[in-house]
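The model shown is predicted, which means the values in this text are computed figures rather than measured ones.
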Amino acid sequence: MVGGVMGQQLRLGFVISHLGPGGAQRVVRIVANAFAEDGHDVHVMTLFDEPVDVNELSTHVRRHRLGCRVRQTEEDHEGDGAHMLWRLMRSACRLLINIRFFTGNVLTLRQTFRAVSPDIVLSFVTLTNLMTILATRGLSVRTVVSERNDLQLDRHDRNVERLRRCLYPMADIVTANTHGALRDLKQFVAESKLAYVPNPIAVEASNAIVEYQGPTFICIGRLAYQKGFDTLLKAAKQAFDVLPTWRVAILGAGPLQRELASLADTLGISGRVDWIGHVSDPFPYLKAAEFFVSTSRFEGSPNALVEAMSCGLPAIVTDASPGPLELIGDEEAGVVVPVNDVNATTVAIQRLATDRSFRESLGRMAEVRARPHRPDIAIKTWRLLLLPT
C-alpha cells in the first residue's frame, strides 16, 4: 500500500534502546519495516550502541544512532552495619549521577526529534518511554509509548515507578501487549488513552528444518534470571530420568550463559542440551521440535511463545504473568505450571513427551490462537492505532 493510509504519507519515529537481541527489538523491526513498505517516512532512533544489530531494518528505514551514555548503578556493599549517614550519602550521590545521565539522554532525544520532526513518535520499554515523553513536551508530535512486561513483577526502583505514574498520563496513547498490563495501567492512565496491540510474529526466513539427535523440546529466551532457565534445567534432569532419548534445545544468549552451562554439567545432562545461541531465524529449530517450554519468572507477551504456537507447537508456561496465560487459554494450547516449580515442570514435560495425541491436540489449538499475531493481521491493529483515518 504505497503512499500510506488514504494516500497520506507520515513521518514516524520509533525509539528503542538498541537493536540487539530482544522481543521489543524484533517488534520494532517488524512494525517499522511494515510502515516503510506502506510508503511512510520511517526513522528508528536507538539510544545506545550494540556491537551488532541482530534486528536488521529495511533499507527504506532511516537509522539514527544517538550514542547516549548509560549509567549502571553500583551495588551498595557496605552491608547492614555500615554507618547510616554514609549509606544515605552514597544513595544520594548515585541518584544525582543517574539524574544527570537521564537528563542528558532526554536532551539528546529532544534534539533528534527537533531535527527529524516526526508526526508520531512511538517508544518501547519503560525507561525509554519516560525519556521520550519528557523529550516531546512542547513539540508538535503525537507521543505513543509501549509497555512490554508485567507491571506487577517487572518492578523498577521507586523513582522510576513514581515517574511512570506521573509521566505516562502525558502521553497521547499508552499501549501494552497484554490485557493484564492494561488493567494495571488503568490505575494511573485514563482508559481512553490505553490500547492493546498484539506482537506481530516474524515471517519465516526460510523453509529449512534442522535435525536434532532425538526427540526434542525447545526453549527460547535471553539467558537471564527473568527466563528461569535454572528451573528448566533442573526439571529437564528429572524428566530425562524417564525419557532416555529426549533432548532440550536452548536458543538465546545472555549474562548467565556460563552459569547455566555449569549447572547442566553439574546435573549430568550436558550431553543432552543443545546450546544453539542467538539465531535470527528460529523457525527451522521450532519446526523440528515437539513442544515449547517457558519457565519465565515474569513476561509480557513473549514473541518466542507466539512463534512456537504458530508452528503448531503446544507449550508449557508458568503462571507468573497474564501474557502467556492469555495466549494459552484454559489448557487449550498448552499446560500451565507454577513459577519456580521444578516438580510440576517435570511432570508437564513428561506428560507432553509421552502423550502424542494430547500433544497434537494442543498443537492444533496453539496454531489457531497464534493467528491474530500473524503480520498481515497484527499490523492492521498498529495501523489503526497510529494512523489517521
Side-chain angles (χ1 to χ4, degrees), residues 22-24 26 148-154 176-181 183-184 196 198-199 201 216-236 238-239 246 248-252 254 260 282 285-286 289-355 358-373:
R26 295 185 74 176
R148 312 301 302 172
N149 257 322
D150 182 347
L151 274 69
Q152 293 295 322
L153 297 176
D154 184 22
N177 55 9
T178 71
H179 296 285
R183 287 192 293 271
D184 292 332
Y196 166 77
N199 284 355
I201 60 173
T216 298
F217 59 91
I218 188 170
C219 318
I220 303 178
R222 188 165 182 264
L223 303 184
Y225 175 79
Q226 173 190 351
K227 301 298 181 179
F229 281 107
D230 52 328
T231 300
L232 168 77
L233 291 172
K234 293 172 185 176
Q238 295 183 173
W246 279 74
V248 55
I250 298 178
L251 277 63
L260 292 170
Y285 300 91
L286 288 168
E290 302 297 332
F291 57 92
F292 180 88
V293 180
S294 170
T295 47
S296 292
R297 294 183 166 98
F298 60 89
E299 278 290 357
S301 179
N303 294 328
L305 172 58
V306 182
E307 289 167 354
M309 292 170 64
S310 75
C311 293
L313 294 188
I316 297 169
V317 301
T318 61
D319 62 359
S321 299
L325 303 183
E326 291 174 12
L327 289 164
I328 292 299
D330 186 13
E331 216 171 73
E332 296 173 59
V335 177
V336 178
V337 298
V339 67
N340 295 326
D341 193 324
V342 173
N343 292 332
T345 306
T346 300
V347 171
I349 291 172
Q350 292 172 341
R351 183 183 181 190
L352 284 183
T354 57
D355 192 338
F358 179 57
R359 192 166 74 228
E360 291 177 346
S361 174
L362 293 177
R364 287 190 292 272
M365 182 54 67
E367 191 171 5
V368 171
R369 294 183 70 91
R371 285 176 189 167
H373 295 264

Between [atom1] on residue [X] and [atom2] on residue [Y], distance to nearest 0.5 Å:
X	Y	atom1	atom2	answer
Leu352	Phe291	CG	CZ	5.0 Å
Arg369	Leu305	CZ	CG	10.5 Å
Ser361	Asp355	OG	CG	9.5 Å

Is a donor on one side and an acceptor on the other found under 3.5 Å between the side chain of [X] and the backbone of [Y]?
X	Y	result
Glu326	His179	yes
Thr318	Ser296	yes
His373	Val306	no
Asn177	Pro198	no
Arg359	Ala353	yes

(message) For Pro338, run the side-chain contact (heavy atoms from CB on, under 4.5 Å) check against Asn343, Thr345, Asp319 and tell me which one passes.
(response)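 Only match with Pro338 under side-chain contact (heavy atoms from CB on, under 4.5 Å): Asp319.
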
Check each of Ile316, Thr295, Val347 against Val337 using the side-chain contact (heavy atoms from CB on, under 4.5 Å) test, and report the only one that passes.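 Answer after filtering Ile316, Thr295, Val347: Ile316.
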
The test is side-chain contact (heavy atoms from CB on, under 4.5 Å); show your working for Trp246 and Gln350 and say whether it passes. CA-CA 10 Å; Trp246 279 74; Gln350 292 172 341; over 6 Å; no

For the student: nearest non-hydrogen atoms of [X] and [Y], plus distance:
X	Y	value
Leu251	Pro282	CD2-CB, 4.1 Å
Gly323	Thr178	CA-CG2, 3.4 Å
Pro314	Leu362	CB-CB, 3.5 Å
Phe229	Ile220	CZ-C, 4.3 Å
Ser310	Ala370	N-CB, 3.6 Å
Leu286	Cys311	CB-SG, 4.0 Å

Before giving the answer on side-chain contact (heavy atoms from CB on, under 4.5 Å), spell out for Ile250 and Val248 the whole-Å C-alpha distance, their side-chain angles and the decisive distance to 0.1 Å.
CA-CA 7 Å; Ile250 298 178; Val248 55; 4.1 Å; yes

* Asked: What's the verdict on side-chain contact (heavy atoms from CB on, under 4.5 Å) for Cys219 and Val293, showing C-alpha distance, side-chain angles and the deciding distance?
  -> CA-CA 5 Å; Cys219 318; Val293 180; 4.0 Å; yes

A side-chain contact here means heavy atoms from C-beta on lying under 4.5 Å apart; do [X] and [Y] qualify?
X	Y	result
Gln238	Val342	yes
Ser294	Pro302	no
Ile328	Glu332	no

| query | Could Arg26 and Glu307 be called an ion pair, given the rule that one side-chain N must be under 4.0 Å from one carboxylate O? | reply |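 Salt bridge flag = yes for Glu307 with Arg26.
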
Does the pair Asp341/Lys234 count as a salt bridge with the N-to-O cut at 4.0 Å?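 Judged by the 4.0 Å cut-off on N to carboxylate O distance, Asp341 and Lys234 do not form a salt bridge.
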
| query | Has Arg297 got its NZ or CZ under 6.0 Å from the middle of the six-membered ring of Tyr225, at an angle within 45 degrees of the ring axis? | reply |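 Yes, Arg297 and Tyr225 form such a contact.
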
**Prompt:** side-chain contact (heavy atoms from CB on, under 4.5 Å) between Leu327 and Met309: does it pass, once the steps are laid out?
**Reply:** CA-CA 9 Å; Leu327 289 164; Met309 292 170 64; 4.1 Å; yes

